[in-house]
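Naming convention: chains lettered A, B, ... in sequence-line order (proteins, then strands); numbering from 1 in each chain.
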Amino acid sequence: MLAYDKLAWPVQKWIRSQGWADLRDIQTQAIHAIKDSHDDVLIAASTAAGKTEAAFLPLISEVYETEKEGEGFDLLYIAPLKALISDQASRLEAICQEAEIPVVPWHGDISSSVKIRARKHPSGILMITPESLEAMFMRNGGDIPRLFHSVRAAILDEVHTMLDSERGIQLQSLLSRLEIAIQRPIRRVGISATLGDMKQACRYLQPDNPENVQILKSDRGSPELRLQLRGYVRGDKDAAEKNISQHLFMHLRGSNNLIFAGSRQNVEIYADKLRRLCEKQNLPQEFYPHHASLSRDHRFALERRLKQSQLPTTAICTSTLELGVDIGDVNCVAQIGAPFSVASLRQRLGRSGRRAGQAAILRQYVIEDELDSQSNFSSQLRLGLIRSIAMIDLLLEKWCEPAHSDALHLSTLVHQILSVIVEKGGIDKRRLYFILCKRGSFRQISTAVFSDLLRAMACSESQLIEHADNGLLLLGAQGESLVSHYSFYAVFQTPEEYRIVSDSKTLGTLPINNMIAPEMMLIFSGRRWLVKEVDDQRKTIVVIPSNAGKPPKFGGDIGNIHDIVAERMFSILEQPDYQPIYLDSIAANFLQEARSNFAQIFANARIVEMGDHYWIVATCCGTIKTTTLAFALRNQGYHVEIYDGFLEVKGNDKISPLPDFLREIADGNPCNLMISDANLNREKFHPYLTEKLLEMDALSSRVDEKSLPAIAQSILSDRAIVKA
DNA sequence: GACCTGCTGCGGTCTG
């Protein structure tokens with residue numbers, strides 16, 4: 001039977017009205033998989049391959065063909081963005097109109113009257129955010145079975161954003177709570193364009209039976225890729241930025257494009273330069289900035305202008321335009337500076353070349369320092385360029401990062417405990433453990449850790465929960481106050497601002513979303529500082545001006561470079577014969593310099609003594625493992641700076657030479673990995689945990705203790721060969 | 001050496 005024939009007639013009618021010549025490959029696959037089995041399904045296909053329709057055409061057909069008893073929603077669609085929900089809702093409405101199936105978008109911008117009506121007569125497709133679903137559990141917990149008993153499937157869009165993120169764990173927990181509430185399993189349908197590890201996504205969708213998830217893949221329709229990587233020397237003042245802007249202006253003007261500038265500040269810098277170039281030539285404006293600090297109206301107007309395609313438009317943006325809502329086809333994607341992950345590079349590139357016969361175009365710009373005798377070794381190795389090449393090559397090989405997935409997520413567990421207590425109005429400890437840990441998304445949590453956590457939540461400083469005489473867990477005073485505010489539903493932290501103080505003067509504020517500890521360097525207000533003290537109570541960081549000479553390498557969040565990317569960077573540095581064809585002459589020259597400097601500095605070794613008590617170490621690992629080693633060294637008294645796959649280490653007379661200490665680590669001697677005075681309060685509910693629980697959480701997510709001896713061994717081996 | 005995401009219920013005022 002043809003896939004088309006398996007669809008209900010109103011759906012067939014809609015397809016005919018679209019004038020489609022054929023169903024796409026992924027849609028055919030999905031129709032067969034969904035209609036012929038009850039399996040969970042993972043739909044993985046490139047952007048604009050018709051994934052949403054692939055999931056919904058057969059599911060809407062099923063809803064249409066099935067006689068339902070009583071009221072209740074038929075399908076549950078969950079997406080990470082409000083804009084995505086609104087966008088998809090209007091597309092689905094057209095399909096559902098003929099079948100008379102209601103489409104109900106439900107998020108913070110939807111009026112309460114619509115929600116009240118839908119709650120009164122639930123039916124059709126509920127399209128909701130994780131946070132709004134959380135709110136439903138907490139405000140109308142008793143109503144959950146009536147609303148959801150008839151749900152046929154849960155469709156999770158952009159599922160890659162959920163894997164092992166706080167929101168993802170929250171959503172997984174909500175889905176398992178939903179299944180417990182309606183006393184039966186719910187079929188899962190995941191949708192994504194950017195999955196590094198299909199098996200991991202299957203485990204996310206169905207932790208009990210990952211092998212029963214049908215994986216549907218389609219590469220068809222991935223366009224030809226044209227790419228160029230251009231190198232620029234930093235030069236005086238903003239010479240490089242000026243030259244890049246001029247190049248962008250020349251090549252992008254007159255069409256729709258996206259420029260990913262890397263940070264909000266860079267977005268403003270390039271938007272300003274491009275705007276002035278338009279003004280200078282008396283041309284109408286077509287370059288506009290887009291990032292999260294700009295007003296909603298401004299962002300929305302720009303998105304609409306891009307989508308309507310009437311006027312040529314280029315958005316200079318941060319990751320705001322990387323995901324989700326359809327902004328139409330884009331001629332070219334420019335990336336300034338090395339991206340942070342291959343996954344996000346792939347997602348960005350997916351915005352270009354979506355029309356048949358059109359190529360996707362990537363323009364990568366890299367700025368490197370001018371070298372002199374004082375140059376830092378990271379400049380000498382051209383690490384920005386090397387990382388860009390590594391990422392582009394991995395992109396071409398269709399690889400992207402899998403998520404890190406051993407984290408305990410204790411902050412999110414605190415959130416879910418409070419939410420279940422509210423939903424049930426009080427609950428027995430064993431039942432709570434069953435719902436959240438045994439059956440839910442917190443399966444790594446032992447009963448002992450769970451008890452510790454409950455104790456921390458009940459203690460006099462926290463007062464999140466309390467034990468009633470009948471053994472039930474209830475909300476405590478602080479818990480009551482937290483859950484009564486609407487800011488509770490989101491599980492992720494909006495970064496806190498710490499005041500930066502030097503010489504008892506406030507320099508300004510800095511969002512803290514990384515571990516800041518004494519002896520770390522940070523850049524602030526264009527100057528270099530050394531952190532002397534971190535006061536979590538007063539939210540202040542006391543700094544003093546740091547020594548000139550070495551550029552500080554800490555400021556902002558450290559991006560998580562994956563091990564595979566770091567390994568590829570070393571193989572690019574070590575293989576003189578490999579010459580990517582997409583480099584311009586300056587970039588090719590940078591690469592040559594990088595290789596000759598690498599050979600000169602390291603000369604086949606992995607650890608190099610640069611002077612008295614001063615070493616450079618090539619860890620050849622990604623950020624987590626490199627950071628793990630850095631913590632072990634810092635706790636031993638070394639001063640350590642972290643780079644991509646490298647450490648710069650300074651010792652002193654009182655501690656042993658670095659190779660000796662590495663030998664101890666290689667022999668498996670235990671190391672102290674935690675910095676007791678580091679800021680471990682990173683997530684929303686961390687302030688309610690004990691020191692011990694915080695350390696456990698950080699160890700599970702931020703470092704990789706197990707790999708430490710192996711890293712030390714490979715560094716110490718005479719000639720450690722990096723695999724290509 | 002970074003970015004992004006989300007939010008209820010109720011009471012007040014205004015409009016037709």
Side-chain angles (χ1 to χ4, degrees), chain A residues 78-85 106-116 119 128-140 157-158 160-162 165-168 170-171 174 260-267 290-294 296 299 316-325 335-341 343-345 347-348 367 376 378-379 383-384 387-388 415 419 422 482-495 510-514 516 520-524 551-561 622-623 626-627 641-646 684:
Chain A
I78 302 159
L81 303 175
K82 291 185 289 191
L84 191 56
I85 288 174
W106 185 304
H107 54 67
D109 297 344
I110 301 292
S111 77
S112 57
S113 59
V114 172
K115 293 175 182 169
I116 290 166
R119 199 151 45 209
I128 195 167
T129 59
E131 287 75 17
S132 283
L133 188 57
E134 183 84 62
M136 270 190 166
F137 269 93
M138 294 180 64
R139 302 287 162 189
N140 297 85
D157 207 351
E158 306 282 10
H160 64 281
T161 65
M162 294 297 175
S165 72
E166 292 163 272
R167 277 181 107 188
Q170 173 190 28
L171 176 56
L174 288 169
F260 289 94
S263 67
R264 290 177 207 186
Q265 195 185 19
N266 271 346
V267 165
H290 191 287
H291 59 70
S293 298
L294 295 170
R296 264 176 56 120
R299 290 166 62 178
I316 304 114
C317 57
T318 57
S319 50
T320 42
L321 287 179
E322 180 176 305
L323 179 83
V325 47
Q335 167 74 41
I336 301 174
F340 284 90
S341 73
S344 94
L345 186 60
Q347 193 82 29
R348 289 170 183 190
I367 303 174
N376 180 282
S378 79
S379 306
L383 289 184
R387 201 173 93 206
S388 298
H415 179 269
S419 172
V422 174
L482 279 184
V483 303
S484 64
H485 196 264
Y486 63 81
S487 60
F488 178 80
Y489 307 117
V491 80
F492 54 87
Q493 175 86 291
T494 329
L510 187 75
I512 299 292
N513 36 27
N514 56 306
I516 294 256
M520 284 182 174
M521 311 274 253
L522 73 109
I523 304 173
F524 188 73
K553 276 293 161 193
F554 200 88
D557 210 356
I558 292 186
N560 258 350
I561 303 301
T623 312
T626 301
T627 309
E641 302 253 0
I642 305 171
Y643 301 81
D644 285 351
F646 294 92
K684 196 169 171 182

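Checked against side chain to side chain contact (heavy atoms under 4.5 Å, CB included), A:D157 has the following partners two or more places apart in sequence or in another chain: A:Y77, A:A79, A:L84, A:Q88, A:I191. Not counting sequence neighbours, the partners of A:V422 by the side chain to side chain contact (heavy atoms under 4.5 Å, CB included) test are A:M138, A:L475, A:V483. Partners of A:H160 according to the side chain to side chain donor-acceptor pair (under 3.5 Å) rule, which considers only residues two or more places apart in sequence or in another chain, are A:S192, A:Q347. With sequence neighbours excluded, the residues that form a side chain to side chain contact (heavy atoms under 4.5 Å, CB included) with A:S319 are A:E322, A:R348. With sequence neighbours left out, the side chain to side chain donor-acceptor pair (under 3.5 Å) criterion links A:S132 to A:T129. Checked against side chain to side chain donor-acceptor pair (under 3.5 Å), A:R119 has the following partners two or more places apart in sequence or in another chain: A:N140. By the side chain to side chain contact (heavy atoms under 4.5 Å, CB included) test, A:S112 pairs with no residue at all, sequence neighbours left out.
In this structure, the CD atom of A:E158 is 17 Å from the P atom of B:dC4, given to the nearest Å. Protein atom CD of A:Q335 is 14 Å distant from nucleotide atom P of B:dA2, rounded to whole Å. Taking atom CG on A:N560 and atom P on B:dC3, their separation rounds to 15 Å, with Å as the unit. For the pair A:I561 CD1 and B:dA2 P, the computed distance is 12 Å after rounding to whole Å. In this structure, A:Q170 atom CD and B:dT5 atom C1' are separated by 11 Å, rounded to whole Å.
Which of B:dA2, B:dC4, B:dT5 sits closest to the side chain of A:S263 comes down to B:dA2.
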| Under the 3.5 Å Watson-Crick or G-U criterion, the dot-bracket string of DNA chain B, with | for inter-strand pairs | ................

| request: Indicate for each nucleotide in nucleotides 6-16 of chain B, in 5' to 3' sequence, whether protein heavy atoms under 4.0 Å reach the base (B), only the sugar-phosphate (S), or nothing (-). | output: BBBS-------

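Rounding to the nearest 0.5 angstrom, the gap separating the NE2 atom in A:H415 from the OH atom in A:Y489 is 9.0 Å.
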